[in-house]
*Asks:* 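Quick one: the structure is below, questions incoming.
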Amino acid sequence: MLIEGLIIVADLDKFEEYVEMHGLDEYKPNDITGTLTSMFYDFAIRWRGVVIYGLDFERGTEEVIIEIPIPSEIDDIVRDLEEIRRTINRLGASITIVVVRDYVVCKPARNRREAYYGTPGRSRAMKILRSIKRRGGNQVYVEV
């Protein structure tokens, strides 16, 4: 069943290059992916969101999709996302976060393809994310 909500898509910018430059193990959490995991986990709990895809405690999180049904405090949600972005920037990396109001399913995806393209809203959010990342990324973009 589809209900109105927010789709939040986040992805670290040029993180493969960052991992290679700093000699990090891509299969283990590091300061950035570990921090991102815990911050988005706390974010999802705080806003009663559903992690659709990407939260990874074993390897660390590089990308995540969260859906929040019928949000009332969009400004507060955006402030929390800006804080996540600032924290990742302080750690030396950058992240692009897209927030789109659309219809949500709020059910974890079975695979990456379903996560990214399982609904028209997710497809639109991913298209926006790719566009922003091509222009340099490192921002929170809101379309509500």
Side-chain angles (χ1 to χ4, degrees), residues 1-19 21-22 24 26 28-144:
M1 181 168 107
L2 295 173
I3 58 172
E4 189 175 350
L6 293 180
I7 301 165
I8 297 155
V9 180
D11 189 22
L12 290 170
D13 300 325
K14 300 180 182 175
F15 198 65
E16 283 183 27
E17 294 171 14
Y18 182 90
V19 167
M21 184 185 339
H22 291 86
L24 301 173
E26 62 185 291
K28 292 182 182 174
N30 54 54
D31 287 344
I32 294 166
T33 60
T35 300
L36 198 58
T37 301
S38 66
M39 290 186 83
F40 270 115
Y41 178 78
D42 292 344
F43 174 86
I45 290 172
R46 177 173 184 197
W47 295 108
R48 295 184 183 101
V50 176
V51 176
I52 303 303
Y53 181 80
L55 203 64
D56 191 337
F57 290 93
E58 291 179 21
R59 292 180 60 183
T61 300
E62 292 183 36
E63 59 190 357
V64 68
I65 300 174
I66 296 173
E67 291 182 346
I68 301 173
I70 313 168
S72 57
E73 302 297 327
I74 293 174
D75 292 339
D76 292 337
I77 289 170
V78 171
R79 268 193 287 280
D80 284 358
L81 294 170
E82 281 288 354
E83 182 56 33
I84 290 171
R85 187 188 64 78
R86 282 191 296 274
T87 299
I88 296 303
N89 288 169
R90 280 193 297 269
L91 292 171
S94 65
I95 187 170
T96 301
I97 303 171
V98 172
V99 181
V100 172
R101 181 189 291 265
D102 207 312
Y103 290 99
V104 297
V105 179
C106 292
K107 177 182 169 193
R110 293 179 298 248
N111 55 52
R112 186 179 181 146
R113 182 178 176 90
E114 180 183 326
Y116 288 176
Y117 306 106
T119 67
R122 288 186 209 159
S123 293
R124 193 177 81 205
M126 290 305 299
K127 184 176 180 181
I128 293 167
L129 180 81
R130 283 191 304 275
S131 173
I132 291 170
K133 286 176 72 91
R134 276 193 298 272
R135 294 189 310 255
N138 197 34
Q139 66 175 302
V140 175
Y141 175 86
V142 181
E143 184 178 288
V144 292

*Asks:* Should L2 and V105 be marked as a side chain to side chain contact (heavy atoms under 4.5 Å, CB included) after you check the CA-CA gap, both sets of side-chain angles, and the distance that decides it?
*Replies:* CA-CA 5 Å; L2 295 173; V105 179; 3.4 Å; yes
*Asks:* Of all heavy-atom pairs between I95 and L36, which one has the smallest distance, and what is that distance?
*Replies:* CD1-CD1, 3.7 Å
*Asks:* Which heavy-atom pair separates Y103 from E4 by the least distance, and what is that distance?
*Replies:* CD2-N, 3.8 Å
*Asks:* For residues P108 and E114, report the shortest heavy-atom separation together with the two atoms involved.
*Replies:* O-OE2, 4.3 Å
*Asks:* Below 4.5 Å, heavy atoms only, C-beta onward: do T35 and T87 meet side chain to side chain?
*Replies:* yes
*Asks:* If only atom types and distance count, is the side chain of E67 paired as donor or acceptor with the main-chain N or O of I52 below 3.5 Å?
*Replies:* no
*Asks:* Give the minimum heavy-atom separation between V104 and P69, together with the two atoms involved.
*Replies:* CG2-CA, 4.3 Å
*Asks:* Compare all side-chain heavy atoms of I7 with those of R124 and state whether any distance is below 4.5 angstrom.
*Replies:* no
*Asks:* Are R79 and E82 within salt-bridge range, i.e. N to O under 4.0 Å?
*Replies:* no
*Asks:* Pair T96, Y141 - check side chain to side chain contact (heavy atoms under 4.5 Å, CB included), show working.
*Replies:* CA-CA 8 Å; T96 301; Y141 175 86; over 6 Å; no
*Asks:* More than 12 heavy atoms of other residues, nucleotides or ligands under 6.0 Å from CG of D42: is that the case?
*Replies:* yes
*Asks:* With rounding to the nearest 0.5 Å, note down the distance linking CG in L81 to CG in D76.
*Replies:* 11.0 Å
*Asks:* Are E83 and R90 close enough for a salt bridge, meaning some N to O gap below 4.0 Å?
*Replies:* yes
*Asks:* Please report the interatomic distance CG(D31) to NE2(H22), rounded to the nearest 0.5 Å.
*Replies:* 10.5 Å
*Asks:* Where do Y41 and L55 land on the side chain to side chain contact (heavy atoms under 4.5 Å, CB included) test, with the steps shown first?
*Replies:* CA-CA 7 Å; Y41 178 78; L55 203 64; 3.9 Å; yes
*Asks:* Check for a donor-acceptor pair, side chain of T61 on one end and backbone N or O of T33 on the other, with a separation under 3.5 Å.
*Replies:* no
*Asks:* Report the distance from atom CG of D11 to atom CZ of R130, rounding to the nearest 0.5 Å.
*Replies:* 11.0 Å
*Asks:* Backbone N or O of L12 within a donor-acceptor pair of the K133 side chain at under 3.5 Å?
*Replies:* yes
*Asks:* Looking at every heavy atom in both G121 and D102, which two are closest together, and how far apart are they?
*Replies:* CA-OD2, 3.3 Å
*Asks:* Which heavy atom in I68 sits nearest to a heavy atom in G49, and how many Å separate them?
*Replies:* CG1-CA, 3.9 Å
*Asks:* Could you go through the side chain to side chain contact (heavy atoms under 4.5 Å, CB included) check for K107 and V50 one step at a time?
*Replies:* CA-CA 7 Å; K107 177 182 169 193; V50 176; 6.0 Å; no
*Asks:* With rounding to the nearest 0.5 Å, note down the distance linking CD in E62 to CG in D56.
*Replies:* 9.0 Å
*Asks:* Do W47 and D80 come close enough that some side-chain heavy atom pair is under 4.5 Å?
*Replies:* yes
*Asks:* Looking at residues at least two apart in the chain, or sitting in another chain, which of them share a ring-ring contact (aromatic ring centres under 6.0 Å, His included) with Y117?
*Replies:* none
*Asks:* Restricting to salt bridge (charged side-chain N to carboxylate O under 4.0 Å, His left out), what partner residues turn up for R135, sequence neighbours left out?
*Replies:* none
*Asks:* Listed by chain and number, what are the ring-ring contact (aromatic ring centres under 6.0 Å, His included) partners of F15, not counting sequence neighbours?
*Replies:* Y18
*Asks:* When rounded to the nearest 0.5 angstrom, what is the spacing between CD1 in I65 and CZ in R122?
*Replies:* 6.5 Å
*Asks:* Without swapping roles, check the side chain of R112 against the backbone of Y53 for a donor-acceptor pair under 3.5 Å.
*Replies:* no
*Asks:* Using a 6.0 Å cut-off, check whether atom CZ of R48 has over 12 heavy atoms from anything other than its own residue.
*Replies:* no
*Asks:* Indicate yes or no for a side-chain donor-acceptor contact from N111 to the backbone of A115 under 3.5 Å, with no hydrogens or angles considered.
*Replies:* no
*Asks:* Can you find a pair of side-chain heavy atoms, one from F40 and one from I84, that are under 4.5 Å apart?
*Replies:* yes
*Asks:* Nearest 0.5 angstrom please: E63 CD to M126 CE, how far?
*Replies:* 7.0 Å
*Asks:* Does any donor atom in the side chain of S94 or D13 lie under 3.5 Å from an acceptor atom in the other side chain?
*Replies:* yes
